[in-house]
Amino acid sequence: MTTFTPITSDEALSTVGWAVAEGSLLEIVGHGSKRGIGRPLQTEHTLDLSKLTGVTLYEPAELVLSARSGTPLAEIEKLLADNGQQLAFEPMDYGPLLGGEQGRGTIGGVLGANLSGPRRLKAGAARDHILGVKVVSGRGEAFKSGGRVVKNVTGYDMSKLMANSWGTLAVFTDVTFKVLPAAETEVTLAVRGLLDDAAASAMALALGSSAEVSSAAHLPERIAARVAGGALGSDAATLLRVEGFGPSVAYRIAALKTLLGRAGSLEEIPGEASRLIWRDVRDIRPFADGSEKPVWRVSMTPSQGHQMVLTLRMQAAVSAFYDWQGGLVWLRMEEGDPEAALLRGLLRKHGGGHATLVRAAPAHRAALPVFEPQPPALAALSLRLKQEFDPKNILNPGRMA
């Protein structure tokens, strides 16, 4: 097996062109922080983009940043923070959950996995902030889509098409993202001691108010103790984040207190303490225990999440917590193999959704569909896209299907 480590876009193009000519299969990686997601690959060679680094354009006044795909996300976030800006979609870090180091993700991987965090309710995901990409297709051809301005019209938006492709359509060499100012003030209001159903009602009430809540999550009893170094204690915590200018945040927090005064005891968590809590919710820290216990990421209707979990618990030992107002459910299977058929069957009974296996032993990942199976029409469209971009199936073959 050979590992190719390009340091320029031309070298990446040359490597893919060689692989196409030889019919050789390539695993595409940055720093490998998400290598354990998807079906295990059996490839002859690896295209390692970790040396294809560097911010190539940053114009704070224009809210635009471009970087080579292997640039560490941590480096980009520091640069933005130094200028009072951020990637508003708050990309998560899978490293700790998968037994790796924190901060090893790359900006290319952010788009490839369409990452987001608790602020997705308000800000969307990576695909909603991408402005342009430069890629090398599985045909060995370089092309670009989009540009370096926020208002950009270039026909079909291929930049968004690349989101969530997990390296199976093309190799990213450069990406351009829209950036936004960071909030001046952040405060989290925690409602303590609620059961899952009451928490779902409280989050829905808060999100439906004029308080402009940017994130809403529920950590059940004992799960809460696993974030921010145990600062929350073990009682269940329903978390509502409010961001913006100081006086506005204070006014909206007061409004939430009035609205939720009868729900349970209330606790304000300001500033850095709030940021640490949401970082750990974002990075699934409650389940980052160094084990290979299967962890599922379930996206579904927020009002149905806790009901699905209750039904699942009648048939399997499972731990759970909720983000996105309950629309994102993180599950850890405490005993036995991944319950793919059971879980996906319950999803269909509770309004539908998507279940992705994000952590399991390689043998388990090889034995079942890791990503949610697509309906026939959508699967046919995905196959056509794969044939157009990578007709010889040389890029991350078999990772998604």
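- The closest side-chain heavy-atom distance from L131 to S159 is not below 4.5 Å.
- For F143, the CZ atom is densely surrounded, since the number of other residues' heavy atoms within 6.0 Å is greater than 12.
- Checking R241, K122, R120 one by one against E90, the salt bridge (Lys or Arg N to Asp or Glu O under 4.0 Å) holds for a single residue, R241.
- Atom CG of residue L73 and atom CE of residue M92 lie 12.0 Å apart, to the nearest 0.5 angstrom.
- Under the side chain to side chain donor-acceptor pair (under 3.5 Å) criterion, N83 pairs with no residue, sequence neighbours left out.
- Considering only heavy atoms from C-beta on, T301 stays 4.5 Å or farther from H350 through its side chain.
- At a threshold of 4.5 Å between non-hydrogen side-chain atoms, the residues L57 and T176 do not count as touching.
- In summary, the side chains of D174 and S9 do present a donor paired with an acceptor at a separation below 3.5 Å, with no hydrogens or angles considered.
- Side chains of N164 and W166: a donor on one and an acceptor on the other come within 3.5 Å.
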| said: Between D289 and R359, does the salt bridge (Lys or Arg N to Asp or Glu O under 4.0 Å) criterion hold? Intermediate values first, please. | reply: CA-CA 12 Å; D289 53 6; R359 186 181 74 188; 3.2 Å; yes
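- Tested against T173, the residues K144, K134, E11 include a single side chain to side chain contact (heavy atoms under 4.5 Å, CB included) partner, K134.
- Residues R222 and P286 are not in side-chain contact: their nearest non-hydrogen atoms beyond the backbone lie 4.5 Å or more apart.
- Using a 30° and 60° split on the angle between ring planes, W18 and F4 fall in the tilted class, from 30° to 60°.
- The structure places OG of S116 at 7.5 Å from CG of L328, a figure rounded to the nearest 0.5 Å.
- The environment of E272 atom CD is dense: over 12 non-hydrogen atoms of other residues, nucleotides or ligands sit within 6.0 angstrom.
- Summarising the geometry of S33 relative to L98, their closest heavy-atom pair is O-CD1, 3.4 Å, with the distance given to 0.1 Å.
- Screening I7, I28, T71, T5 for a side chain to side chain contact (heavy atoms under 4.5 Å, CB included) involving L49 leaves a single residue, I28.
- In the displayed structure, R313 atom CZ is contacted under 6.0 Å by more than 12 heavy atoms of other residues, nucleotides or ligands.
- Contact of the T43 side chain with the P397 side chain is registered, since non-hydrogen atoms from C-beta on lie closer than 4.5 Å.
- Two residues are said to be in side-chain contact when any heavy atoms from C-beta on lie closer than 4.5 Å; P91 and F177 fail this criterion.
- Considering every non-hydrogen atom in both K293 and E334, the closest pair reads NZ-OE1, 2.9 Å.
- Residues K392 and V20 have side chains in contact (heavy-atom distance under 4.5 Å, counting atoms from C-beta outward).
- Residues L79 and E75 form no side-chain contact, since every pair of their non-hydrogen atoms from C-beta on lies 4.5 Å or further apart.
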